[in-house]
Q: 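Sharing a structure here in C-alpha cells format.
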Amino acid sequence: MSSPHKIIKTSAASEPVRTSRPEIVETVADVIADVRAGGDGAVRRWSQKFDQWSPPSFRLGPDEIAAVVSSVPETVLDDLRFVQQQVRGFAQAQRDSLTDFEVETLPGVFLGQHNIPVGASGAYVPGGRYPLTASAHMTVLTAKVAGVQRVAATTPPDRGAPPPVSIAAMHLAGADEIYVMGGVQAVAALALGTETIDPVDMLAGPGNAYVAEAKRQLFGEVGIDLFAGPTEVLIVADHTADPFTVATDLLSQAEHGPDSPAVLITTSEDVATRTIAWVEKLLPDLPTGEVAGRAWRDHGEVIVVPTLATGYELADQYASEHVQILTAEPREALHRMRNYGALFLGDKTCVAYGDKVIGTNHVLPTLGAARYTGGLWVGKYLKTVTYQEIKDAGASARLGEICGRASRIENFEGHARSGDVRAARFGSAPLGWADYAFDQA
C-alpha cells in the first residue's frame, strides 16, 4: 500500500545518533574517574586543559557575585527578573497542584503520600557559543520553588572570566552556590563531591555531547533531569499557515546546532513549497545561518499529508521535543496528540517564547523520549513517597492472614511469617510455624 504522505524535502542525514561516539564515552569516563580519585586537583587540571581556567577558587564569593552582577546593565537585569517571574509563577502553580494526602482504605488502615524535595541539586548553565542564561531560570528557580534547600549552579568561564549575564541569572534565580567551571569536570565535581564541593543528589541542565554523556554515566549515583539530545522542532500546519512565519520558526530552532531536526508536516503543498522558498531566502541574512543551514540541509524535512488527522498521527510518531501547531483550530492538537515535549498552539506563540520568556520549562525530552516522559518540572525535584499505619488490630489480623497466603503462593516464607505474627497477635489465627508463646518471644 502506498504512503499517504508526499515528501517534499527529506533529511540528508541518516537516523539521529542516539548513543555517544566512542571517543566521547572514553574521554568522559577518564575525566569522571580522575575527579573521583583526585577531587579538586583533578577538576583544576581538566579545567586548565579544556577551558584554560584555573582560579584560586571555582566558587564565587558574595563580593565577587555582587561585582559581576553590578556590571550587567539594569535593563538586562530587569528582563531577567521579568522572565524569572514568569518561570516562578508557573512552577509555583505546578507545586501547588501536588498535594500530600492520607486516606483510610479500610477501617483503621491509613495510607498517605508525601512529597519531599531532594536535599541538594546541581544546575548546569551552558556557556561558550550560546550562553544559555535561560537555563538558570529553568534549573535553579524550579528547584527552589520545589523546596530544594541547596542549589549549586555552575557555568563555564567566558574568555577567562565569569560570564556576567549567566552569573546574574543564577544569582537572581536563587542559587545558593555559584561556580565558574564547565564541562565534564564540573558535572563530575557536583555529582561526586570534592574537598571543597559537597555532592548533590540530582543534576539538571543542558550541555554539549560531553556534558550529556557525563550525566548518562553518573546517572544512578545521582538523579538527572533527562538524557539530552539535539534541539528538535516539528510544525504541524494547514492551509491557513503563513509560510514566512513557518520558515522563521523552523530556523529559530535549527540555529541551536547543525544536528537539530526541523520538520514541517502540512496539509497544504502550497505552504510546503513556499516555506522551503522562504527558508532559502532567510538563511543568507541570518547571523547563525551557517549552523541553521547545515541543520536544515541535513535534518530538515517537509511532508504533505492528506488530512490533519494524518498529520497529528505522523507527528506523534516523531515524538518531537517542540511541536508547534499553526492551524485554524490549534487546540484540536491537545486532544489529538500525545507524544511531545511541549506544545505551542497558534501563530501568536512560538517555540522561542518557550525557550526564553513565557515561563514553562524548556528542558524537554528529545530523541523520541517524549513517548514516555515529559520535561523538567517541579515534580522532578520531589520524591513522592508513601507511608502506612494500621491502628485497628482486627484490620492488621485480616491483612496478616491474606499476606501469609499471598506470600506462600510466591514461596516467600519469610514474608508469610511476618503476616502470620500479626494474624496471631491481633486475631485468633494460630501461629502455626513456631511452638512458643508471644510472651516468651
Q: Pairing donors with acceptors under 3.5 angstrom, does anything connect the side chains of Thr288 and Glu290?
A: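 Glu290 and Thr288 do not have a side-chain donor-acceptor pair below 3.5 Å.
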
Q: In Å and rounded to the nearest 0.5 Å, what is the CZ to OG1 distance from Phe58 to Thr196?
A: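 Here the interatomic distance stands at 8.5 Å.
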
Q: In terms of side-chain geometry, is the basic nitrogen of Arg417 or Asp420 positioned less than 4.0 Å from the acidic oxygen of its partner?
A: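 Salt bridge between Arg417 and Asp420, a charged N being under 4.0 Å from a carboxylate O: no.
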
Q: Between Tyr318 and Glu301, do the side chains contain an N or O donor and an N or O acceptor separated by less than 3.5 Å?
A: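 Side-chain D/A pair, Tyr318 to Glu301: present.
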
Q: Side chains of Gln92 and Asp96: is there a donor and an acceptor less than 3.5 Å apart?
A: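 Looking only at side-chain atoms, Asp96 and Gln92 do form a donor-acceptor pair, the distance falling under 3.5 Å.
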
Q: Taking atom CD of Glu104 as the centre, does the number of heavy atoms from other residues, nucleotides or ligands within less than 6.0 Å exceed 12?
A: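 Buried by this count: over 12 neighbours within 6.0 Å.
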
Q: Is it true that the side chains of Arg44 and Ser54 contain a donor and an acceptor less than 3.5 Å apart?
A: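 There is such a pair (donor and acceptor under 3.5 Å, judged by atom type) between the side chains of Arg44 and Ser54.
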
Q: Before accepting this row, confirm whether a basic side-chain N of the pair Arg336/Asp316 lies closer than 4.0 Å to the acidic partner's carboxylate O.
A: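 Salt bridge between Arg336 and Asp316, a charged N being under 4.0 Å from a carboxylate O: no.
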
Q: How far does CZ of Arg398 sit from SG of Cys403, to the nearest 0.5 angstrom?
A: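 Reported value, rounded in 0.5 Å steps: 13.5 Å.
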
Q: Do Tyr387 and Glu102 meet the criterion of a side-chain donor-acceptor pair at a distance under 3.5 Å?
A: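 Yes, Glu102 and Tyr387 have a side-chain donor paired with an acceptor closer than 3.5 Å.
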
Q: What pairs meet the salt bridge (charged side-chain N to carboxylate O under 4.0 Å, His left out) rule with one or both residues in residues 32-41, with sequence neighbours excluded?
A: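 Only Asp34-Arg45, Arg36-Glu221 qualify under salt bridge (charged side-chain N to carboxylate O under 4.0 Å, His left out).
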
Q: Using a distance-only test with no angle check, is there a side-chain donor-acceptor pair under 3.5 angstrom linking Asp347 and Thr245?
A: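 Looking only at side-chain atoms, Thr245 and Asp347 do not form any donor-acceptor pair under 3.5 Å.
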
Q: Does NZ or CZ of Lys215 lie under 6.0 Å from the centre of the six-membered ring of Phe227, at an angle within 45° of the ring axis?
A: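 No, cation not above the ring by the 6.0 Å, 45° rule.
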
Q: I'd like to check the side chain to side chain donor-acceptor pair (under 3.5 Å) partners of Gln217; sequence neighbours left out, ordered by chain and number.
A: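 For Gln217, the residues satisfying side chain to side chain donor-acceptor pair (under 3.5 Å) (neighbours in sequence not counted) are Glu213.
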
Q: If you measure from CG on Leu60 to CD on Glu177, what distance do you get to the nearest 0.5 Å?
A: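 It comes to 11.5 Å.
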
Q: Just verifying a value: how many Å separate Asp100 CG and Gln113 CD, rounded to the nearest 0.5 Å?
A: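 These two atoms lie 7.0 Å from each other.
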
Q: Asn361 and Gln94: side-chain donor and acceptor closer than 3.5 Å?
A: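 No.
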
Q: How many angstroms lie between atom OG1 of Thr373 and atom CG of Asn339, to the nearest 0.5 angstrom?
A: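 Going from the OG1 atom of Thr373 to the CG atom of Asn339 covers 11.5 Å.
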
Q: Mind checking whether Phe412 and His415 have parallel, tilted or perpendicular rings, split at 30° and 60°?
A: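 Aromatic pair Phe412/His415 classed perpendicular.
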
